[in-house]
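These notes concern the structure reproduced below.
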Amino acid sequence: MISVGKIKQYSNVLERPLSKGKQEVSLSAFAFLFSELVQYNQTQVDNITELERRLEDAGYAVGARILELLCHREKGNRRETRLLGILSFVHSTVWKVLFGKVADSLEKGTEHEDEYMISEKELLVNRFISIPKDMGAFNCGAFVAGIVRGVLENAGFPAVVTAHFVPVEGQHRPRTTILIKFAEEVLRREATLG
């Protein structure tokens, strides 16, 4: 006999299976929390470079945890070992979990062999931020750059990751580009795996 619609009763909370839970966070809650993160760090620093570094460090911790979570959920505890595989993983899977969509583009740098760029027309962390004139070069995308660096370094792909504004003709807001510059050891390993 098959019973339909019955829910299995667990005697202990620890025996319950881990659910994926609700996958979304309220945009207003995220915007408020991120705003508080930026404001708190702003009171702790003296210049824009230091503020961006602190945001990147906060993002790094998030990236390390995201990698562990996604490798467990999506890949059965397997990790990418190839350069294009990890870039595709960040561009699609990580971006979709964090921002609800795949990143706008993933491109290889034309000037340097070790550079890749992830571009986003309207990055979520920059969407609701108004930057005062005295902080003109400040980019909240440093938080996302930290997330990307956290994912890459914890997957075994050390890199320098930075966020930059790129002006686009005909648009009021500039495009955000996450620039990834891999360490020499990553390129050597990729060449030997060939």
Side-chain angles (χ1 to χ4, degrees), residues 17-41 51-52 54-80 82-109 115-131 138-155 157 159 161-180 182:
L18 292 175
S19 68
K20 288 188 176 183
K22 190 175 179 185
Q23 296 289 324
E24 295 179 8
V25 174
S26 163
L27 186 58
S28 59
F30 171 78
F32 176 73
L33 184 62
F34 187 72
S35 169
E36 289 298 313
L37 175 71
V38 172
Q39 288 176 26
Y40 171 75
N41 283 308
L51 177 58
E52 286 180 341
R54 287 180 70 114
L55 287 177
E56 186 180 333
D57 290 345
Y60 182 89
V62 173
R65 286 169 177 83
I66 286 285
L67 176 68
E68 292 297 324
L69 177 71
L70 293 178
C71 283
H72 176 69
R73 276 192 189 158
E74 310 279 329
K75 298 181 152 287
N77 288 326
R78 292 185 318 241
R79 294 200 180 170
E80 293 290 341
R82 302 299 301 262
L83 184 65
L84 290 179
I86 194 70
L87 284 170
S88 177
F89 176 71
V90 169
H91 171 263
S92 59
T93 307
V94 172
W95 223 262
K96 191 176 274 188
V97 166
L98 292 175
F99 305 116
K101 67 181 196 76
V102 175
D104 290 342
S105 69
L106 170 63
E107 304 166 12
K108 183 174 176 145
E115 288 184 350
Y116 290 83
M117 296 168 274
I118 298 175
S119 295
E120 187 70 36
K121 185 170 64 174
E122 193 172 353
L123 193 62
L124 181 65
V125 295
N126 287 332
R127 187 180 299 169
F128 302 110
I129 300 292
S130 56
I131 301 170
F138 176 62
N139 188 344
C140 287
F143 181 73
V144 177
I147 293 173
V148 171
R149 186 172 65 90
V151 169
L152 292 174
E153 285 191 5
N154 286 283
F157 295 87
V161 184
T162 54
H164 304 277
F165 284 128
V166 178
V168 178
E169 284 187 42
Q171 289 188 349
H172 175 66
R173 295 186 140 236
R175 171 182 211 95
T176 303
T177 298
I178 306 296
L179 180 65
I180 305 165
F182 286 102

Closest contact, heavy atoms only, [X] versus [Y]:
X	Y	answer
G63	V151	O-CG2, 3.3 Å
V125	F143	CG1-CD2, 4.2 Å
A163	A145	N-CB, 4.1 Å
L123	G141	CD2-CA, 3.8 Å

From [X] atom [atom1] to [Y] atom [atom2], the distance as rounded to the nearest 0.5 Å:
X	Y	atom1	atom2	answer
I178	M117	CD1	CE	12.0 Å
L33	S28	CG	OG	11.5 Å
L106	Y116	CG	OH	8.5 Å
T177	F165	OG1	CZ	10.5 Å
E56	T162	CD	OG1	8.0 Å
R54	L37	CZ	CG	9.5 Å

Check your understanding: Can you name the side-chain hydrogen bond (donor to acceptor under 3.5 Å, both in side chains) partners of S105, sequence neighbours left out?
Key ->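 Testing S105 for side-chain hydrogen bond (donor to acceptor under 3.5 Å, both in side chains), a comparison that skips the adjacent residues, returns E107.
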Exercise for review: Take F157 and L87, measure what side-chain contact (heavy atoms from CB on, under 4.5 Å) needs, and give me the verdict at the end.
Suggested key: CA-CA 10 Å; F157 295 87; L87 284 170; over 6 Å; no
How about [atom1] on [X], more than 12 heavy atoms from neighbouring residues, nucleotides or ligands closer than 6.0 Å, or not?
X	atom1	value
K108	NZ	yes
R82	CZ	yes
F32	CZ	no

Practice item. Using the side-chain contact (heavy atoms from CB on, under 4.5 Å) rule, take V166 and S119 through it: C-alpha gap first, then chi angles, then the decisive distance, then the call. Key: CA-CA 9 Å; V166 178; S119 295; over 6 Å; no
Between side-chain atoms of residues 91-103 and protein atoms elsewhere (two or more places apart, or another chain), which donor-acceptor pairs fall under 3.5 Å?
unit_1	atom_1	unit_2	atom_2	d
H91	NE2	A103	O	3.2
S92	OG	S88	O	2.6
W95	NE1	E120	OE1	2.9
K101	NZ	D104	OD1	3.0
K101	NZ	E120	OE2	2.4

Practice item. Check whether any side-chain heavy atom of F34 sits under 4.5 Å from a side-chain heavy atom of L124, and report yes or no. Key: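 Not touching, per the 4.5 Å side-chain cut-off.
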Review point. Sequence neighbours excluded, which residues qualify as side-chain contact (heavy atoms from CB on, under 4.5 Å) partners of N154?
Key: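 side-chain contact (heavy atoms from CB on, under 4.5 Å) check on N154 returns Y60, A64, L67.
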Practice item. Would you check if the side chain of E52 reaches a backbone N or O of N139 as a donor-acceptor pair within less than 3.5 Å? Key: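 Side chain of E52 to backbone of N139: a pair is present.
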Practice item. Check whether any side-chain N or O of N41 sits under 3.5 Å from a backbone N or O of L51 as a donor-acceptor pair, and report yes or no. Key: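 It does not hold such a pair.
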